[in-house]
Amino acid sequence: MGEKIRVSLPDGSTLEIKKGLTIRDLAARISPVLKREALAGKIHGELCDLSTPILGDADVEIITFSSPEGQNIYRHSTAHIMAQAVTELFSDVKLGIGPPIEEGFYYDFDLKHILTLDDLKKIEQKMCEIIENDFPFLKEEIPRSEAIKLFKSNGQDYKVELLEEMADETVTIYENGNFFDLCRGPHVPSTGKISAFKLVNIAGAYWRGDEHRPMLQRIYGTAFDATEKLEKYLHRLEEAAKRDHRKLGRELGLFTISEQFGAGLPLWHPKGALVRKIIEDFWRDEHLKRGYEMVMTPHIAKVDLWKASGHWDFYREYMYSPIEIEGQGYVIKPMNCPAHILIYKSRTRSYRELPLRWAELGTVYRYERSGVLHGLLRVRGFTQDDAHIFCRPDQLEAEILDVIDLVLYMLKTFGFEEYDVFLSTRPKKYVGTLKHWEKATEALKKALEKVALDYQIDPGEGVFYGPKIDIKIKDALGRAWQCTTIQVDFNIPERFDMTYMGKDNREHRPIMIHRAILGSMERFMGCLIEHYAGAFPAWLSPVQVMVIPIADRHLDYAKDVLSKLVEVGIRVEIDSRSESVNKKIRDAQVQKIPYMLVVGDRERETNTVAVRDRSGVDRRGVSFDQFIGNLEAEIRKRRPTSGLTF
């Protein structure tokens with residue numbers, strides 16, 4: 001009998017096993033179902049292949065597709081299968097990288113052939129052959145110098161570049177069939193483990209995201225452990241394509257992005273600018289109700305200010321190069337906070353004044369590589385719904401709780417009621433003392449627990465000056481969007497020597513809370529467009545009512561209806577074109593206008609309107625006063641438009 005060791009499982013149970021038993025064999029011993037579903041394992045928290053032996057007492061976990069780690073391993077293995085298929089179908093392929101991403105994977109290729117969507121079908125067919133052959137994923141550890149020679153001999157320049165930058169003396173290579181790749185792993189045991197996959201798109205991507213490096217061809221795909229899951233995902237992709245804010249932004253006349261003007265710099269059309277105004281007015285009004293004051297600050301500031309704030313050292317890669325004005329360097333602002341700090345420091349502050357809550361819809365500019373720009377969701381110039389709160393230590397918890405209350409109220413008003421909440425902790429590069437970081441993190445944690453918000457720890461994802469709460473809103477398709485952030489900062493008040501006079505007539509240091517609720521107007525608009533598929537609730541719609549006269553003789557009555565709606569503040573247009581009523585109705589529905597009022601002889605004689613909503617439901621003979629009353633109530637309550645209520 002071999003030497004026995006003890007393993008501890010995630011459910012708290014322990015097993016005595018033979019030393020050297022593999023993760024795969026352990027899964028089989030636990031249950032036949034786990035043996036079938038096992039993809040990889042963990043020993044003392046370190047991911048490993050199923051073939052890895054357990055050599056001593058250890059905490060062990062079996063990884064399946066039900067976990068995010070299992071999904072990443074499954075999809076990363078599928079990316080290797082795709083790369084193998086591409087190298088077998090096309091000659092002179094140079095391999096980039098092929099990581100798993102949220103709900104999928106991609107791989108970058110440098111090849112002369114320009115890939116088309118038809119090529120994806122050929123690649124999928126070849127992948128099916130590779131899966132059918134059930135090639136094992138074989139891991140080999142070799143000296144880094146040997147790996148460099150191996151990849152050089154195969155003309156894999158990008159892999160050589162990665163290897164030459166590594167510090168490890170030993171690296172790992174995975175082989176499946178005749179294909180091998182530089183990879184840390186782990187992988188599923190064999191290619192036959194992949195049961196459902198789909199290649200979904202082709203895009204261009206600069207090598208390592210650098211526009212000065214070669215443009216590679218990126219193939220995106222996804223993979224699931226069951227066909228029905230894949231079909232459900234592909235259906236969701238189709239729905240997402242219909243809701244794409246870039247497409248709807250053009251069709252609904254909301255915004256465009258012009259290469260002539262500059263990538264990542266949206267141009268707001270009248271309807272889009274009007275929706276923004278409605279959102280901004282609501283935002284300002286709600287802040288004023290809750291004790292905030294409005295401030296406004298310029299778009300550029302001296303370089304020295306950003307050095308004092310720490311942005312120059314910790315955030316410079318996202319800042320644009322300085323411009324010189326009369327011998328002095330200025331930087332276009334990436335943040336609003338230093339300007340708010342200078343307003344605070346413009347005079348001595350008393351403890352009686354605190355908290356000070358200052359809000360600004362401040363436009364900032366940050367450098368983003370062209371490869372990551374995406375409609376309104378990732379831009380170079382955007383307007384933050386920014387605010388900074390300066391408070392005493394005894395006020396900190398109450399202020400965080402008030403911010404969370406405001407966040408939940410505003411997001412619910414816009415139709416978002418599901419969230420993922422994260423508490424982001426200290427990153428590797430940070431300023432300030434550990435004591436302050438611990439105190440700030442604890443304050444955020446207590447606030448989340450007090451309001452009973454479920455949250456996850458996001459280790460190392462705080463900003464350089466403090467920890468933060470991030471709230472990702474879930475849209476109608478269940479997708480998460482990063483919008484809200486609440487950050488506690490003990491450090492910048494220290495750097496700027498901010499003080500207030502306390503009860504004891506001595507100087508004390510205030511605490512600063514940085515917060516944005518909607519995140520940025522650009523990103524939030526993109527989220528709203530996709531959440532509602534462009535069919536905004538009536539209170540947000542740029543045009544709330546379209547009046548449609550049946551014939552020219554009804555135009556005067558239609559104008560009377562329009563005038564009365566304008567008088568009570570309804571956003572209304574009249575379609576007086578010489579088109580059929582059906583075409584006018586279709587066009588209004590395409591523009592996703594909440595309500596259409598069709599007027600003809602009967603309506604003119606009875607002072608009524610025929611009401612039709614954008615879903616196609618209609619009702620005749622509605623009194624004009626009733627229509628106005630119900631519409632005003634709907635707008636006042638800011639509830640989603642769900643159909644006729646008349």
Side-chain angles (χ1 to χ4, degrees), residues 45-47 68-69 72 99-102 165-167 184 208-210 305-320 331 333-338 340-341 364-369 372 378 382 384 386-389 396 400 403-404 407 419-449 453 455-472 480-496 498 509 511-517 519-520 523:
E46 293 292 323
L47 286 166
E69 291 165 318
N72 282 343
I101 55 176
E102 187 175 357
E165 293 178 2
M166 289 181 183
R184 294 183 185 275
R208 305 183 88 169
D210 185 345
L305 178 65
W306 306 106
K307 290 179 179 177
S309 69
H311 289 93
W312 192 251
D313 293 326
F314 292 89
Y315 206 75
R316 192 172 176 180
E317 63 182 301
Y318 295 107
M319 297 172 67
Y320 289 98
V331 172
K333 68 175 179 179
M335 303 279 185
N336 300 301
C337 38
H340 294 191
I341 290 167
V364 298
Y365 301 87
R366 299 179 189 173
Y367 173 64
E368 298 282 2
R369 295 183 185 277
V372 301
R378 197 76 175 264
F382 55 93
Q384 289 181 305
D386 210 358
H388 296 94
I389 300 169
L396 178 60
I400 296 172
V403 172
I404 292 174
V407 167
Y419 328 98
D420 287 330
V421 183
F422 298 89
L423 176 56
S424 302
T425 58
R426 189 179 71 253
K428 289 181 181 178
K429 289 176 67 177
Y430 67 93
V431 294
T433 66
L434 288 175
K435 180 181 177 182
H436 280 163
W437 273 87
E438 289 168 3
K439 192 172 181 181
T441 305
E442 188 62 23
L444 292 171
K445 183 179 177 183
K446 279 184 178 179
L448 287 171
E449 290 171 352
L453 270 181
Y455 67 92
Q456 303 172 49
I457 299 291
D458 200 1
E461 290 303 312
V463 285
F464 70 87
Y465 50 74
K468 60 177 179 169
I469 294 170
D470 284 329
I471 298 179
K472 296 183 179 181
W481 306 84
Q482 172 62 55
C483 289
T484 302
T485 186
I486 307 167
Q487 305 164 3
V488 175
D489 187 353
F490 289 87
N491 299 310
I492 288 183
E494 190 85 31
R495 293 176 75 95
F496 278 91
M498 299 174 70
R509 191 80 68 203
I511 300 169
M512 187 174 181
I513 301 173
H514 309 249
R515 46 112 297 193
I517 293 174
S520 77
R523 174 178 282 254

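Values below: all heavy atoms of this structure, side chains included; hydrogens, waters and symmetry mates excluded. What you see is a predicted model; the values in this text were computed from it and never measured.
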**Message:** So His311 and Pro338, do their side chains get closer than 4.5 Å, heavy atoms only?
**Reply:** yes
**Message:** Within the structure provided, determine whether Met512 and His388 are in side-chain contact (heavy-atom separation under 4.5 Å).
**Reply:** yes
Closest heavy-atom contact between [X] and [Y]?
| X | Y | answer |
| --- | --- | --- |
| Pro100 | Asn72 | CB-O, 3.6 Å |
| Thr425 | Pro459 | OG1-CA, 3.1 Å |
| Asn336 | Gln384 | ND2-OE1, 3.1 Å |
| Phe422 | Lys472 | CE1-CD, 3.7 Å |
| Ala443 | Leu396 | CB-CD2, 3.5 Å |
| Ile486 | Arg515 | CA-CB, 4.3 Å |

Under the side-chain contact (heavy atoms from CB on, under 4.5 Å) test, which residues partner [X], sequence neighbours left out?
| X | answer |
| --- | --- |
| Arg184 | Asp168 |
| Ser520 | Phe382, Glu522, Arg523 |
| Asp313 | none |
| Pro68 | none |

**Request:** For Glu317, check salt bridge (charged side-chain N to carboxylate O under 4.0 Å, His left out) against everything at least two apart and list the hits.
**Result:** none
**Item:** By salt bridge (charged side-chain N to carboxylate O under 4.0 Å, His left out) - contacts of Arg509 (at least two apart)
**Value:** Glu494, Asp497
**Prompt:** In this structure, which one of Ile469, Ile517, Thr485 forms a side-chain contact (heavy atoms from CB on, under 4.5 Å) with Val407?
**Reply:** Ile517
**Message:** Does Tyr465 form a side chain to side chain contact (heavy atoms under 4.5 Å, CB included) with Arg495? I'd like the steps, not just the answer.
**Reply:** CA-CA 10 Å; Tyr465 50 74; Arg495 293 176 75 95; over 6 Å; no
**Message:** I need the Ile471 CD1 to Ile404 CD1 distance, nearest 0.5 Å.
**Reply:** 6.5 Å
**Asked** Can you tell me how far NZ of Lys439 sits from OG1 of Thr433, rounded to the nearest 0.5 angstrom?
**Response** 10.0 Å
**Request:** For atom OH of Tyr318, decide whether the heavy atoms of other residues, nucleotides or ligands shown that lie under 6.0 angstrom number more than 12.
**Result:** no
**Complete:** In short, salt bridge (charged side-chain N to carboxylate O under 4.0 Å, His left out) pairs touching residues 457-469 with sequence neighbours left out are Lys468-Asp470
For [X], what residues pass the side-chain hydrogen bond (donor to acceptor under 3.5 Å, both in side chains) criterion, not counting sequence neighbours?
| X | value |
| --- | --- |
| Tyr455 | Glu449 |
| Arg378 | Glu368 |
| Arg366 | Tyr315 |
| Asp489 | His514 |

**Asked** Any luck finding a side-chain donor-acceptor pair between Asp420 and Gln456 under 3.5 Å?
**Response** no
**Prompt:** Can we say Arg208 and Glu165 salt-bridge, meaning some charged N sits less than 4.0 Å from an Asp/Glu carboxylate O?
**Reply:** yes
**Item:** Geometric class of the Phe314/Phe464 ring pair [parallel <30°, tilted 30-60°, perpendicular >60°]
**Value:** parallel
**Request:** Take Arg426 and Leu434 through the side chain to side chain contact (heavy atoms under 4.5 Å, CB included) test and state the conclusion after the steps.
**Result:** CA-CA 9 Å; Arg426 189 179 71 253; Leu434 288 175; 3.4 Å; yes
**Request:** Without swapping roles, check the side chain of Ser424 against the backbone of Pro467 for a donor-acceptor pair under 3.5 Å.
**Result:** no
**Asked** Trp306 and Met319: side chain to side chain contact (heavy atoms under 4.5 Å, CB included), yes or no, with the steps?
**Response** CA-CA 10 Å; Trp306 306 106; Met319 297 172 67; 3.8 Å; yes
**Message:** Taking ring pair (Phe, Tyr, Trp, His ring centres under 6.0 Å) as the definition, give me every residue that meets it alongside His436, ordered by chain and number, with sequence neighbours left out.
**Reply:** Phe490
**Request:** Measure from NZ or CZ of Lys333 to the centre of the six-membered ring of Tyr365, then state whether that distance is under 6.0 Å and the direction lies within 45° of the axis.
**Result:** no
**Request:** Just do the side chain to side chain contact (heavy atoms under 4.5 Å, CB included) check on Tyr430 and Val463 with the steps written out, would you?
**Result:** CA-CA 8 Å; Tyr430 67 93; Val463 285; over 6 Å; no
